[in-house]
Amino acid sequence: MNMIDGKFARRDVLKGTGALVIGFALAHCSPREQQTQVTVGQYGPPEDEIDSWISISQDGTATLYSGCCELGTGSSTGLLQVMAEELDIPFEKTQATGPDTNRTVDQFVSSGSRTIALHARPIRQAAAEARAALVEMASKRLNVPADRLVTDGGIVSVMGAPEKNISYGALVGNERFNLKVTGKVKPKDPSQYRIVGQPVKRIDTPGKVFGTFTYVHDVKIEGMLHGRVVRPPSHGASVIAIDESSVANMPGVVKVVREHDLVGVVCEREEQAVRAAEALKVTWSDWAGLPEMKDLYTTIRNTPEFPSGYADEKSRPMGVIAREGDVPAGLARAAKVVKTNYTTPYHHHGSIGPSCALADVRADGVTIWSGTQTPYGLREASAKFLGLPSQKVRLIRLEASGCYGQNGADDVVIDALVLSRAVGRPVRVQWMRGQENGWEAYKSARWFECQGGVDADGKIVAYETQTWGFSGYSRPEYHEPMHGGEPGSLVTAQLAGWEKPGLEEGFGGASNNFEPVYADIPNRFVKFTYLGPTSHRMGPLRMRVGSMRGVGSPDNIFVAESFIDELAVVAGADALEFRLRHKPTERMSAVFKAAASRANWQARPAFAKPTSGDIAKGRGIAALGGPRDTNVVGIFEVDVNRKTGAVHVTRAVVAQECGLIVNPALVTDQIEGGVIQNLSRGLFEEVMFDKSRVTTLDWSSYRIIRFPEIPDVLDVVLINRPDLPAMRVGEPASEVVWPALANAIYDAVGVRLRNMPFTPARVLEALAAQRQASL
Amino acid sequence: MAETKTLRVNGASIIVGPAEPDTPLLYVLRNDAGLQGPHFGCGLGQCGACTVHINGEAVRSCQRPLSAIGPSDDIVTLEGLGTADKPHALQTAFIEEQAVQCGYCTNGMIMQAAAFLSKNKSPSEAEIKTALANNLCRCAAHLRIVRAVSRASGQA
Ligand code: FES
Ligand code: FES
């Protein structure tokens with residue numbers, strides 16, 4: 001197996017935390033046997049060899065070498081199910097390891113809920129071919145033609161004579177297959193699946209409940225020191241002077257480190273580093289280049305378009321997502337016209353554990369322990385930053401606190417590298433809570449303008465939605481299938497004086513799902529106006545943005561599915577019937593029907609039967625889907641407290657069809673998590689800032705959902721379509737939450753909330769405005 | 001002045017330090033005792049990720065200085081609450097209900113709930129939600145956590 005021999009503190013091993021030594025390579029279980037060796041190129045072992053993916057030990061345990069990062073969603077369990085299925089091996093006799101740039105294939109970024117949808121494919125193929133190879137071997141050993149052999153439970157046996165058999169371990173135990181993945185072996189037909197599709201329990205749970213699981217935060221190596229960084233007090237400030245004497249007498253201080261505007265301290269003990277970083281006197285230049293919060297959305301609207309960012313978007317030239325017919329002409333013949341604006345704020349990822357990394361920079365090579373989602377991209381970015389060939393740098397990826405997109409996991413690696421290089425010893429760095437909130441990449445704030453009309457028959461005759469926003473993506477790695485990465489995307493590299501800009505990612509993902517899911521809308525115009533890349537240290541609006549669960553899709557669906565509701569209201573139509581009237585796809589309609597039947601939806605226009613008393617009850621519906629994507633419908637029932645403004649979800653029905661379901665328990669888990677997280681974002685969350693910096697630096701200024709606020713009932717309806725490929729699981733269901741909420745609030749009290757979050761203050765304000773208007 | 005101290009952790013005496021008296025217990029448990037159950041989440045007493053038991057009470061170890069711990073104080077961490085061989089009812093229930101996503105908050109959820117269940121043997125769902133109201137989970141495993149605590153109640 002892969003480990004840096006002898007680097008672990010003996011002390012830790014003796015104390016019975018020995019799991020930690022092997023833990024980093026095999027995050028959930030110890031290796032049962034010696035593993036096979038592979039040759040590693042610049043981007044890992046060759047993709048087209050079985051040995052790069054799978055090894056089988058003498059006791060018959062199959063190890064999966066996966067380049068996919070477990071993000072706390074159970075995806076590694078799903079991948080093991082896929083391997084076990086194709087290999088015909090019991091799930092209990094499988095284990096997973098990686099990613100590690102010394103052992104696993106570059107599987108690019110693990111994001112967008114795609115691990116099972118996309119990254120399982122090469123694993124499925126390699127496992128199918130490994131099984132075929134085992135049958136061939138058994139055929140020779142047993143002297144029986146291969147077509148008379150069957151595989152089950154890790155054993156090859158003769159059809160009709162099960163006593164004549166040989167185990168996988170006996171056939172190949174600890175040996176290499178030495179075979180190419182040819183693509184010629186056909187994986188199983190889904191109708192034969194016995195392990196895929198089962199609610200197998202996650203492999204990582206026991207370690208996590210017994211406190212034996214090793215996160216990146218837990219790695220310790222011999223001679224390791226502790227670092228903490230000192231960040232500028234404003235997004236644009238630079239160091240004028242550092243007074244090292246301010247910490248000279250503090251215990252344990254090894255070194256004060258400065259590289260351009262990246263400042264940190266290295267100490268013997270962790271708490272010493274925390275205290276020294278607090279005490280270090282740094283004089284920073286003044287900077288106050290952010291807009292006033294109240295002017296945020298006009299600032300976004302007035303930011304000039306960034307036309308070169310459209311260059312690679314052939315399918316969406318100049319940000320135009322849909323253009324059909326003639327919107328002004330449609331509006332001219334509409335019986336009712338609606339024109340509205342919407343806004344969505346910046347969001348924190350809100351990882352419970354601030355980002356952490358450990359780096360060991362030595363003359364003969366560099367090792368990084370990281371919670372990244374892009375092991376190879378970050379490895380190459382790190383190598384470039386250090387001026388080293390990338391194969392001099394090894395990156396071992398371990399699980400971290402859930403990240404939900406681009407939190408500080410990649411950035412903190414640069415901090416650790418700078419500090420380790422300065423002291424010539426391994427250094428562990430963890431960000432403090434305020435640093436995570438202050439320097440991560442936020443979900444971008446957005447501005448929206450909508451106009452549309454319905455004719456006298458209640459049919460939409462014009463539909464226009466436009467949005468202005470920044471990139472939804474600013475990771476340090478290139479887009480698949482291009483390997484490698486650039487440090488310039490990392491704010492820590494920018495602080496350290498790295499001048500070459502990062503990758504220009506364009507607006508791509510941020511514009512997803514903005515087009516309505518209804519085919520029968522004759523005059524339509526949908527556009528994303530891209531405002532370019534931006535970060536704390538560069539760009540037009542100095543707030544760093546990056547991907548967060550769903551990227552821009554939740555914002556787009558919030559507006560698309562709220563606005564369609566507004567049109568239904570002026571048409572006097574039932575919200576569901578109005579949607580079906582405009583012809584969603586057949587797949588989508590099936591999901592609408594499943595959700596409506598579970599929620600017992602009764603047709604009536606919204607806010608038709610307002611409830612009296614302090615608690616008003618309402619229901620809202622919203623949908624999302626695409627021809628090759630997951631289709632989801634959410635129906636939310638809410639209580640709106642007219643006195644306090646509080647919104648409580650009494651019941652949420654979420655129906656989802658995501659093609660083939662690999663593990664229904666994991667899918668349900670992801671839907672529950674996504675829905676409650678986005679309920680939190682929709683009801684409470686907004687990153688605040690003053691003219692210099694973000695001010696929501698802790699959990700009291702940035703409130704997230706608490707137990708008493710979760711839905712009373714969350715009802716998940718899964719539609720399995722084994723005839724379709726597996727599609728995205730983690731994100732789509734979460735994306736119907738905001739419009740379903742807004743539509744339900746409208747139904748309850750007749751006010752339309754177009755600016756997130758829907759805090760009690762916002763609800764009360766809207767109710768007051770409603771009262772004013774009715775006077 | 002930095003000092004070396006003997007603490008009672010998970011039923012054993014361990015020597016920690018030398019560390020300053022204001023050192024939060026969390027760092028001592030993680031770095032001196034080599035424990036991986038309690039996690040650093042906020043260092044502000046706001047999230048619960050660092051929760052341990054001191055004499056049976058749930059305590060946020062990021063807020064408890066070493067100087068406030070006496071030789072007779074009985075500290076229990078997630079590792080000491082139960083093990084794979086002798087699991088606490090909550091640990092079993094968290095596995096049964098699959099109440100863990102990334103698991104970074106799980107330590108706090110189990111330790112807070114264990115202290116709560118030791119006083120309230122058969123709580124209602126609403127009481128469980130109130131008891132955990134100051135423990136944050138960003139992966140939003142809330143529904144399963146509530147189910148797991150309900151399942152464990154009466155057995156804890
Ligand atoms: S880390 Fe102690 S309460 Fe958050
Ligand atoms: S499971 Fe990830 S924070 Fe709770």
Side-chain angles (χ1 to χ4, degrees), chain A residues 11-12 15-17 20 71-74 201-202 204-215 217-218 220 226 251 269-272 274-275 349-354 399-402 404 430 432-433 665 669 672-677 679-680 698-700 704-708 710-711 714, chain B residues 2 19-20 22-24 27-28 30-31 33-44 46-47 49 77-79 81-84 87 90-92 94-96 98-107 110 126 128-146:
Chain A
R11 187 172 77 124
D12 293 319
K15 274 200 189 130
T17 49
L20 175 135
L71 304 174
T73 61
K201 285 204 165 50
R202 282 175 53 166
D204 51 341
T205 315
K208 289 173 176 178
V209 307
F210 295 121
T212 54
F213 189 86
T214 300
Y215 294 89
H217 308 78
D218 300 315
K220 292 181 182 73
H226 291 273
R269 293 179 57 94
E270 188 169 9
E271 70 278 5
Q272 293 166 339
V274 172
R275 300 269 189 259
H349 289 84
S351 296
I352 295 297
E399 209 175 317
S401 183
Y404 330 107
Q430 184 166 18
M432 303 304 285
R433 167 54 48 201
D669 198 22
E672 289 181 2
V675 165
I676 294 178
Q677 186 181 85
L679 185 59
S680 175
D698 66 9
W699 295 120
S700 67
I704 64 171
I705 202 163
R706 287 158 193 272
F707 278 92
I710 65 173
L714 175 50
Chain B
E20 299 296 313
D22 66 350
T23 301
Y27 296 121
V28 171
R30 288 185 54 81
N31 300 330
L35 295 164
Q36 297 179 192
H39 291 139
F40 174 84
C42 64
L44 303 165
Q46 295 174 339
C47 74
T77 71
L78 187 61
E79 292 94 331
L81 188 72
T83 61
L90 273 164
Q91 289 166 320
T92 309
F94 268 64
I95 295 174
E96 286 307 315
Q98 293 283 283
V100 177
Q101 288 210 21
C102 81
Y104 204 87
C105 70
T106 304
N107 168 70
I110 294 181
I128 294 170
K129 289 180 182 173
T130 310
L132 293 177
N134 291 317
N135 283 68
L136 303 180
C137 174
R138 185 55 161 173
C139 299
H142 300 81
L143 287 163
R144 284 156 191 263
I145 294 171
V146 172

- So, the part of A/His349 with a heavy atom under 4.5 Å from chain B: the answer is backbone
- Exam field: side chain B/Arg138 to backbone A/Ser351, donor-acceptor pair closer than 3.5 Å: no
- Which atoms of B/Ile110 approach chain A - backbone, side chain, both or neither, heavy atom under 4.5 Å: side chain
- Among A/Phe707, A/Tyr404, A/Trp699, A/Tyr215, residue most engaged with chain B (heavy-atom pairs, under 4.5 Å): A/Phe707
- Message: Please classify the contact between A/Ile705 and chain B as side chain, backbone, both or neither, with a heavy-atom cut-off of under 4.5 Å.
- Response: both
- Item | A/His217 side chain vs A/Pro354 backbone, donor-acceptor pair below 3.5 Å | yes
- Considering only heavy atoms, which portion of B/His39 lies under 4.5 Å from any heavy atom of chain A: side chain, backbone, both, or neither? side chain
- Task: For B/Val100 and B/Phe94, work out which heavy atoms get closest and say how close.
- Result: CG2-CD2, 4.1 Å
- Message: Using modelled atom types and a 3.5 Å cut-off, is there a donor and acceptor pairing between side-chain atoms of B/Tyr104 and backbone atoms of B/Phe40?
- Response: yes
- Note on the structure: Applying a strict 4.5 Å limit to non-hydrogen atoms, the region of A/Pro206 in contact with chain B is both
- Task: Check whether any side-chain N or O of A/Lys208 sits under 3.5 Å from a backbone N or O of B/Gln101 as a donor-acceptor pair, and report yes or no.
- Result: yes
- N/O donor-acceptor pair under 3.5 Å between A/Glu271 side chain and B/Pro24 backbone: no
- Query: What are the two closest heavy atoms between A/Arg275 and B/Asp22, and how far apart are they?
  - Reply: NH2-O, 2.9 Å
- Minimum side-chain heavy-atom gap A/Asp669-B/Gln98 below 4.5 Å: no
- Query: Is chain A contacted by the side chain of B/Ala141, its backbone, both, or neither, given a heavy-atom distance below 4.5 Å?
  - Reply: neither
- Note on the structure: Bottom line for B/Ile95: the part with an atom under 4.5 Å from chain A's heavy atoms is both
- Item | Residue part contacting chain A, namely of B/Pro87, when any heavy atom lies under 4.5 Å | both
- With a 4.5 angstrom heavy-atom cut-off, which part of A/Ser680 approaches chain B: side chain, backbone, both or neither? side chain
- Against chain A, label B/Thr106 side chain, backbone, both or neither, depending on which of its atoms sit under 4.5 Å from a heavy atom there. side chain
- Measuring heavy-atom distances to chain B, does A/Gln272 have an atom under 4.5 Å in its side chain, in its backbone, in both, or in neither? neither
- The interface call for A/Arg269 against chain B, heavy-atom contacts under 4.5 Å, is side chain
- Would you mind checking which part of B/Ala84 comes under 4.5 Å of any heavy atom in chain A, side chain (CB onward), backbone (N, CA, C, O), both or neither? both
- Message: Whether the side chain of A/Arg433 engages the backbone of B/Gly41 through a donor-acceptor N/O pair (distance < 3.5 Å, no angle test) should be reported.
- Response: yes
- Note on the structure: Rounding to 0.5 Å, atoms CG (B/Asn107) and CD1 (A/Ile352) come to a distance of 12.5 Å
- Query: Which atoms of A/Val274 come close to chain B, meaning under 4.5 Å heavy atom to heavy atom: side chain ones, backbone ones, both, or neither?
  - Reply: side chain
